[in-house]
Amino acid sequence: MKIKESKIGILIRTKNRPLCLERAIVHIISQTFKNWHMHILNDGGNFEEVERIIKNYECRIDGRVTLYDNRSSVGRGNALSQLISYSSEEYLLINDDDDTIEHDFLEKTSAYLDDNERCVGVVTSNYDVFETIENNTIKTIAKRDDFGKRDSMFIDYLSYLSSDIAIIPICMLFRKRTISLSGSIDVNLDFMEDYDFFVRLLMHGEFGVITETLASYHHRIDSNSDYDTTRTVMNQGYKDLYFNHKVRSAISNNDNLSKIICSSIIETRNKRILFNKIDTNYKNTIECISNMAKVMALTQEKINTISNNTEKLAHSMQVLTQILIDKNK
């Protein structure tokens, strides 16, 4: 049980991924900032596994956890909405069970929000970690810091609306009180629920940026496993489904935010079409120049051949002329 109100609530949805969950918890209990509380929701998975992991770290967790159990899965959006409603901390972090934070993430992000009242959230740079599960062990294949590197002072709202940039939940700490203005997670969404939520949070303040890399977004490509991170993308085409939903909302409900999102997406797509045309024209131009260069090279080669033959003919004529002169003497 919590003795006093913690400052940061860490929200974890999990379902049958004990290896990832344990890793996430290890990173949390290793934080330099200690005033946190974990809210872990088992959404239709093996609850005994979750309890076992918590028991293994009982001393280090020191009561800073509350477990919740859904007998059957209610879906990503609904599960996250539950966790937000259960929390009462000043700042919140959505920690998907397979993602991790660096040891000083909570210290630096909470200090940023303490010092920047106009910001409703703060986003850090992130690593992209590519991994696989082998023999019940997580094996890292590659770790990159360039894909998730940020260099701005604040998140550009229009760029986020148009999906030109992404915000991974593990990278952002946000103020709980802003939810009373923006509304919570859309429980009807099992895809893009975090994007939809962050878009609405941004209506009420800035997302500041810490350029330091303080979190890791983990990718796995295993098939037919609860650890797989590709199935949702492949089976649902989640971005298309979400933006189709927004188009319908803009048309039928006269939803201004949906209209802005749709306009931003249209502009982005038009830019991509234009860039593709420019790229195609550029490639065609380069190909034409290359072909012209080849033709010019062949032409020059023929000119050189003709020139050489002309020189030989001239030389032969000189020799022949000299022979005739010599004979007439």
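A quick note: this is a predicted structure, and the numbers were derived from the prediction, not measured.
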Checklist entry - Taking it one step at a time, do N116 and V122 satisfy side chain to side chain contact (heavy atoms under 4.5 Å, CB included)? => result CA-CA 9 Å; N116 294 272; V122 59; over 6 Å; no
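- In this structure the side chain of N126 never reaches within 4.5 angstrom of the side chain of S216, judged on heavy atoms.
- Between R17 and D98 there is a salt bridge, with a side-chain nitrogen of the basic residue lying less than 4.0 Å from a carboxylate oxygen of the acidic one.
- For the pair R60 (side chain) and N56 (backbone), a donor-acceptor distance under 3.5 Å is absent.
- Side-chain contact of E22 with Y57: a donor-acceptor pair under 3.5 Å is present, judged by distance alone.
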Checklist entry - Checking side chain to side chain donor-acceptor pair (under 3.5 Å) for the pair D69/N42: CA distance, chi angles, key distance, verdict? => result CA-CA 5 Å; D69 183 35; N42 174 59; 2.7 Å; yes
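- The backbone N or O of H27 sits less than 3.5 Å from a side-chain atom of Q31, completing a donor-acceptor pair.
- We find that D145 and K149 are not joined by a salt bridge, their nearest charged nitrogen and carboxylate oxygen being 4.0 Å or further apart.
- Remark: side-chain polar atoms of R64 are paired, donor with acceptor, to backbone N or O of K34 under 3.5 angstrom.
- Annotation: the span from S73 atom OG to R76 atom CZ amounts to 10.0 Å, rounded to 0.5 Å.
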Checklist entry - Stepwise, does the salt bridge (charged side-chain N to carboxylate O under 4.0 Å, His left out) test hold for E58 with R52? => result CA-CA 10 Å; E58 192 172 20; R52 177 189 62 79; over 6 Å; no
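- In this structure, D156 contributes its side chain and L158 its backbone to a donor-acceptor pair below 3.5 Å.
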Item to check | Stepwise ring-ring contact (aromatic ring centres under 6.0 Å, His included) test for Y68 and Y86 | outcome: CA-CA 9 Å; Y68 311 91; Y86 297 151; 4.2 Å; yes
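- Between the CZ atom in R13 and the CG atom in N95 there is a gap of 10.0 Å [rounded to 0.5 Å].
- Looking at I101 and L93, their side chains come closer than 4.5 Å, going by heavy atoms from C-beta outward.
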Next on the checklist: Is there a ring-ring contact (aromatic ring centres under 6.0 Å, His included) between Y195 and Y160? Walk through the geometry before answering.
Outcome noted: CA-CA 9 Å; Y195 168 87; Y160 186 58; 5.0 Å; yes
Checklist entry - Between I12 and I10, does a side chain to side chain contact (heavy atoms under 4.5 Å, CB included) hold up when you go through it step by step? => result CA-CA 6 Å; I12 304 177; I10 302 171; 4.1 Å; yes
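- Residues T14 and L41 are not in side-chain contact: their nearest non-hydrogen atoms beyond the backbone lie 4.5 Å or more apart.
- Contact annotation: the side chain of I8 never approaches that of H37 to less than 4.5 Å [non-hydrogen atoms, C-beta and beyond].
- Residue G45 comes nearest to N16 through the heavy atom pair CA-OD1, 3.3 Å, listed as atom of the first residue, atom of the second, then distance.
- Using a cutoff of 4.0 Å between basic side-chain nitrogens and carboxylate oxygens, R144 and D146 are scored as salt-bridged.
- There is no side-chain donor-acceptor pair under 3.5 Å between T213 and E102.
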Next on the checklist: Using side chain to side chain contact (heavy atoms under 4.5 Å, CB included), reason through C119 and L113 one step at a time and then give a plain yes or no.
Outcome noted: CA-CA 7 Å; C119 291; L113 290 181; 4.3 Å; yes
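- Relative orientation of the F130 and H219 rings is parallel, given thresholds of 30° and 60° on the angle between their planes.
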Next on the checklist: Checking E193 against D186 for the side chain to side chain contact (heavy atoms under 4.5 Å, CB included) test, could you report, in this order, the C-alpha distance in whole Å, the side-chain angles of both residues, the deciding distance, and whether it holds?
Outcome noted: CA-CA 7 Å; E193 74 283 350; D186 186 338; 6.0 Å; no
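- Taking CD of E90 as the reference point, atom OG of S110 lies at 9.0 Å (rounded to 0.5 Å).
- Listed for the D194 side chain is no donor-acceptor partner under 3.5 Å among the backbone atoms of F198.
- M203 places none of its side-chain heavy atoms less than 4.5 Å from the side chain of S182.
- Looking at F47 and L67, their side chains come closer than 4.5 Å, going by heavy atoms from C-beta outward.
- Contact of the V123 side chain with the I155 side chain is registered, since non-hydrogen atoms from C-beta on lie closer than 4.5 Å.
- For S125 (side chain) and T211 (main-chain N/O), a donor-acceptor pair under 3.5 Å exists by modelled atom type.
- Looking at T109, its side chain does come within 3.5 Å of a backbone N or O of F105 through a donor-acceptor pair.
- A distance-only check finds a donor-acceptor pair linking the side chain of R200 to the backbone of G183 [under 3.5 Å].
- Note: the hydrophobic cluster containing V74 does not contain L83 (ILVMFWY, side chain heavy atoms under 4.5 Å, direct or indirect links).
- To the nearest 0.5 Å, the span separating CD on E51 from CG on N46 amounts to 9.0 Å.
- Note on V129 and L19: separate hydrophobic clusters, where clusters join Ile, Leu, Val, Met, Phe, Trp and Tyr whose side-chain heavy atoms are under 4.5 Å apart, directly or indirectly.
- Comment: K176 does not engage E89 in a salt bridge, judged by the lack of any side-chain N to carboxylate O separation of less than 4.0 angstrom.
- A distance-only check finds a donor-acceptor pair linking the side chain of T137 to the backbone of N135 [under 3.5 Å].
- Remark: K143 does not engage D128 in a salt bridge, criterion side-chain N to carboxylate O under 4.0 Å.
- A continuous path of hydrophobic side-chain contacts links L201 to Y157 [ILVMFWY only; heavy atoms under 4.5 Å].
- In this structure, I167 CD1 and M172 CE are separated by 6.0 Å, a value rounded to the nearest 0.5 Å.
- A chain of hydrophobic side-chain contacts below 4.5 Å, direct or via other Ile, Leu, Val, Met, Phe, Trp or Tyr residues, connects Y91 to Y112.
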Checklist entry - Run the salt bridge (charged side-chain N to carboxylate O under 4.0 Å, His left out) check on R71 and D43 step by step: do they pass? => result CA-CA 7 Å; R71 296 289 181 87; D43 189 35; over 6 Å; no
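- The line from CG of N188 to OG of S81 is 10.0 Å long, rounded to the nearest 0.5 Å.
- If you chain together hydrophobic residues whose side chains sit under 4.5 Å apart, I94 and V209 fall into the same group.
- For H204 against L181, the heavy-atom pair with the smallest separation is NE2-O, 3.4 Å.
- Counting only distance, with no hydrogens or angles, the side chain of R23 and the backbone of T100 share no donor-acceptor pair below 3.5 Å.
- Under a cut-off of 6.0 angstrom, the local environment of CZ in F207 is crowded, with over 12 non-hydrogen atoms contributed by other residues, nucleotides or ligands.
- E131 and H218 form a side-chain donor-acceptor contact under 3.5 Å, judged by distance and modelled atom types alone.
- Side-chain atoms of I138 and C20, non-hydrogen and from C-beta on, do get closer than 4.5 Å to each other.
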